[in-house]
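Okay, structure first, notes after.
Here the structure is a predicted model, which is why all the values come from computation and not from measurement.
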Amino acid sequence: MTASTPPVLVLNAISKQFGDIRANRDVNWTLQAGRIYALLGENGAGKSTLMSILAGRYQPDSGTLQLKGRAVRFHSPAQALALGIGMVYQRFMLVEPLTVVENILLRGGRIRPRRARETRCIRNLAEHYGLAVKPEAKVRDLSMGERQRVEILKLLHRQADILILDEPTAVLTHAEIDSLFAVLQRLKAEGKTIIFITHKLEEVLTVADDIAVMRRGRMVSQLAADRVQSRHDLARLMVGREVILNVDKPPVTIGEPVLSTDGLSGPAGTARPAFQHIRFDVRRGEIFTITGVAGNGQEDLVAALTGLAPLAGGAITFSDRTYTASQWARRPTSGMAYIPEDRDRTGAIGAFSLVENFMLTRLGTFARSFLVNRRGAEQATVDAMARFSIRGSGIQGQAGHLSGGNLQKLILARELSRRPDLLIAEQPTQGLDVQATEEVWQALLKQRETSAVLMVTGDLKEALSLSDRIAVMFRGRILDIVSAREAADIDRIKLLMAGLGEH
């Protein structure tokens with residue numbers, strides 16, 4: 001690629017505002033064909049808004065886009081894709097009961113007539129790019145890695161030349177990550193342009209040709225990846241200061257079990273259980289972590305433990321009282337707090353204000369009979385925002401306008417303010433930048449001084465950094481539980497996550 005080669009995409013002074021929040025401020029960016037670009041920035045830096053403009057979900061308030069030398073303005077994702085720009089979102093846009101082929105041929109809610117020629121075309125496309133997936137398979141039967149391949153195939157089948165991948169490795173095994181990176185190199189070799197959004201800095205140094213950094217809505221740095229020496233340099237570029245990426249875990253005296261499970265299976269009412277024979281305990285003073293690749297039963301287990309789904313069998317002892325599977329859903333809700341994986345849908349209500357969201361799980365504190373202590377709730381929200389460095393437009397602003405990191409910190413502050421005996425934290429830093437991750441990690445470690453913490457994460461670095469004990473889950477079963485000291489053998493944990501190495 002020579003300096004005289006015309007760019008494939010040029011962003012000129014792109015700005016976008018939501019209410020009082022300026023998500024993008026005069027962003028300029030020039031991209032060449034046949035390059036892999038890593039787009040970095042803290043939560044709330046404006047990355048998602050900018051990519052949504054490129055993918056046609058939003059229109060800029062000002063500024064212009066030039067695609068292959070021609071001014072363009074997208075009014076829908078379909079229009080952007082028709083001109084060669086497509087995005088694979090963190091939450092896959094697939095219809096689970098349909099097959100791979102049917103999902104790829106789906107247009108506007110209708111499936112184009114399926115022809116043997118198109119099935120062959122999709123199979124050939126998959127083989128050509130190393131995107132191994134069976135065209136006839138139902139999406140609901142696929143792993144997360146296979147579903148991601150279907151999303152990429154959808155874009156390639158529609159001849160996308162610019163592919164935007166939002167946190168693509170968050171749900172993948174280590175082998176699947178290596179496979180994805182090989183696919184990206186293949187796409188790059190054929191002249192495709194890849195924009196790769198990630199908070200995993202080591203991946204940037206592995207796969208990117210160029211790095212763009214956003215901070216508070218502005219593009220603050222663009223440089224070649226070979227000019228960056230370490231992930232510490234990247235972290236400093238992102239947040240404008242030195243960031244400690246290794247957490248200090250002070251020793252804490254381990255107490256008695258707060259939660260014990262005995263032979264759990266579930267959820268109830270399903271022909272095939274998502275989890276079975278689950279036995280573990282979580283003690284006061286420890287972070288007990290369940291890890292595994294997404295889709296191996298962890299989500300269903302958390303739903304059952306938090307009362308969002310019924311148990312089929314087994315027993316749970318919580319705060320010295322034992323409950324059968326049928327009794328567990330009717331237990332008192334005090335003493336347990338929950339930070340859900342899906343902060344946007346389960347953890348908060350975007351249309352509600354920050355103070356209203358802070359009250360969601362604390363009505364018993366701020367409401368007596370029909371009276372609500374609004375002033376007390378407002379002060380508690382102000383205090384939480386100060387304590388957890390939550391940036392927003394004020395406590396009356398909508399939660400939906402917060403960045404992912406600030407929304408996660410609001411939920412964390414709310415749940416910790418309940419002073420629980422047990423905190424369940426599900427994927428607590430998924431999609432968060434390094435600074436927000438650091439702050440959440442410190443809060444979880446602090447909480448273990450007074451509570452039991454049950455963490456569920458697919459991030460092996462997070463598990464090894466925070467945990468006292470780690471349980472590895474595969475196909476609905478816990479294969480082994482190891483202490484953090486033993487977990488220093490990372491290769492063994494990886495084997496267990498892949499279903500190998502069981503005692």
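Atom CZ of Phe352 has 12 or fewer heavy atoms from other residues, nucleotides or ligands within 6.0 Å. Counting non-hydrogen atoms of other residues, nucleotides and ligands closer than 6.0 Å to CZ of Arg418 gives a total above 12. Surrounding CD of Gln159 are at most 12 heavy atoms belonging to other residues, nucleotides or ligands under 6.0 Å away. A 6.0 Å sphere centred on CZ of Arg419 holds no more than 12 heavy atoms belonging to other residues, nucleotides or ligands.
Residues satisfying the salt bridge (Lys or Arg N to Asp or Glu O under 4.0 Å) test with Glu462, not counting sequence neighbours, are none. Residues satisfying the ring-ring contact (aromatic ring centres under 6.0 Å, His included) test with Tyr89, not counting sequence neighbours, are none.
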(message) Between Leu54 and Met51, is the side-chain contact (heavy atoms from CB on, under 4.5 Å) condition met? List the steps.
(response) CA-CA 5 Å; Leu54 286 185; Met51 293 302 98; 3.5 Å; yes
(request) Check the pair Arg414, Thr361 against side-chain contact (heavy atoms from CB on, under 4.5 Å), reporting the backbone distance first and the verdict last. (result) CA-CA 8 Å; Arg414 179 188 69 200; Thr361 60; 3.3 Å; yes
(request) Test side-chain contact (heavy atoms from CB on, under 4.5 Å) on Thr429 and Gln408 and set out the steps. (result) CA-CA 8 Å; Thr429 62; Gln408 184 75 333; over 6 Å; no
(message) Let's go through Arg362 and Ser417 carefully: what are the C-alpha distance in whole Å and the side-chain angles of both, what is the deciding distance for side chain to side chain donor-acceptor pair (under 3.5 Å) to 0.1 Å, and is it a yes or a no?
(response) CA-CA 9 Å; Arg362 298 200 57 197; Ser417 71; 3.0 Å; yes
(request) Let me see the working for Lys192 and Arg35 under side-chain contact (heavy atoms from CB on, under 4.5 Å), right down to the final yes or no. (result) CA-CA 7 Å; Lys192 308 284 188 187; Arg35 306 284 287 179; over 6 Å; no
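With contacts defined as side-chain heavy-atom distances shorter than 4.5 Å, the pair Leu142/Val100 qualifies. Between Arg387 and Lys409, every side-chain heavy-atom pair lies at or beyond the 4.5 Å cut-off. Side-chain contact check for Leu40 versus Ile211: some heavy-atom pair is nearer than 4.5 Å. Looking at Met214 and Val220, their side chains never come closer than 4.5 Å, going by heavy atoms from C-beta outward. No side-chain heavy atom of Val213 sits less than 4.5 Å from a side-chain heavy atom of Met219. Contact check for Ile177 versus Glu203: side-chain heavy atoms found under the 4.5 Å cut-off. Contact of the Lys138 side chain with the Pro97 side chain is not registered, since no non-hydrogen atoms from C-beta on lie closer than 4.5 Å. The shortest side-chain heavy-atom distance between Leu444 and Met455 falls under the 4.5 Å cut-off.
Across every non-hydrogen atom of Ala208 and Ala225, the tightest pair is O-CB, 3.2 Å. Between Ile14 and Pro60, the shortest heavy-atom distance links the atoms CG2-CB, 4.1 Å. Across Glu176 and Gly145, no two heavy atoms sit closer than the pair OE2-CA, 3.5 Å. The minimum heavy-atom distance linking Ala443 with Phe388 is given by the pair CB-CE2, 4.1 Å. The two residues Leu81 and Gly86 come nearest to each other via the heavy atoms CD1-CA, 3.9 Å. Residues Glu415 and Ala337 share a closest heavy-atom pair of OE1-CB, 3.5 Å.
Under a 3.5 Å cut-off, the side chain of Lys249 and the backbone N or O of Ser467 do form a donor-acceptor pair. No donor-acceptor pair under 3.5 Å is formed between the side chain of Asn406 and the backbone N or O of Ile390. With hydrogens and angles disregarded, no donor-acceptor distance shorter than 3.5 Å links the side chain of Asp210 to the backbone of Tyr37. Judged purely by atom type and a 3.5 angstrom limit, Asn357 uses its side chain to pair as donor or acceptor with the backbone of Ile349. The backbone N or O of Glu167 sits nowhere less than 3.5 Å from a side-chain atom of Thr198 that would complete a donor-acceptor pair. Counting only distance, with no hydrogens or angles, the side chain of Thr289 and the backbone of Thr291 share no donor-acceptor pair below 3.5 Å. Looking only at distances, a side-chain donor or acceptor of Arg149 sits under 3.5 Å from a matching main-chain atom of Ala132. With hydrogens and angles disregarded, a donor-acceptor distance shorter than 3.5 Å links the side chain of Glu102 to the backbone of Thr99. Gln59 places a side-chain N or O within 3.5 Å of a backbone atom of Phe74 that can act as its donor or acceptor partner. In terms of modelled atom types and a separation under 3.5 Å, the side chain of Gln298 and the main chain of Met473 share no donor-acceptor contact.
Annotation: the span from Glu151 atom CD to Glu146 atom CD amounts to 13.5 Å, rounded to 0.5 Å. Between the CG atom of Asp383 and the CD atom of Glu378 there is a distance of 12.0 Å, given to the nearest 0.5 Å. Note that the CD1 atom of Ile164 and the CG atom of Leu39 stand 9.5 Å from one another [nearest 0.5 Å]. Atom OH of Tyr129 sits about 12.0 Å away from atom CG of Asn124, to the nearest 0.5 Å. One distance of note links CD1 of Ile53 with CG of Leu65; it measures 7.5 Å at 0.5 Å rounding. Atoms CG and OH, from Leu454 and Tyr338 in turn, are 10.5 Å apart once rounded to the nearest 0.5 Å.
Ring centroid separation for the pair Phe18 and Tyr58 comes in under the 6.0 Å cut-off.
Salt bridge annotation for Glu96-Arg147: present, with a cationic side-chain nitrogen under 4.0 angstrom from a carboxylate oxygen. Ion pairing between a basic and an acidic side chain is recognised when a charged N comes within 4.0 Å of a carboxylate O; Arg186 and Glu190 show no such pairing. Between Asp166 and Lys47, no side-chain nitrogen of the basic residue sits less than 4.0 Å from a carboxylate oxygen of the acidic one, so the salt-bridge criterion is not met.
Of the residues listed (Thr193, Val88, Ile195, Ile152), the one engaging Leu163 in a side-chain contact (heavy atoms from CB on, under 4.5 Å) is Ile152, and it is the only one. Checked options Ile104, Leu131, Ile122; the residue passing with Leu156 is Leu131 (criterion: side-chain contact (heavy atoms from CB on, under 4.5 Å)).
A donor atom on one side chain and an acceptor atom on the other are not found under 3.5 Å apart for Gln32 and Thr5. For Gln398 and Ser353, the side-chain atoms include no donor-acceptor pair closer than 3.5 Å.
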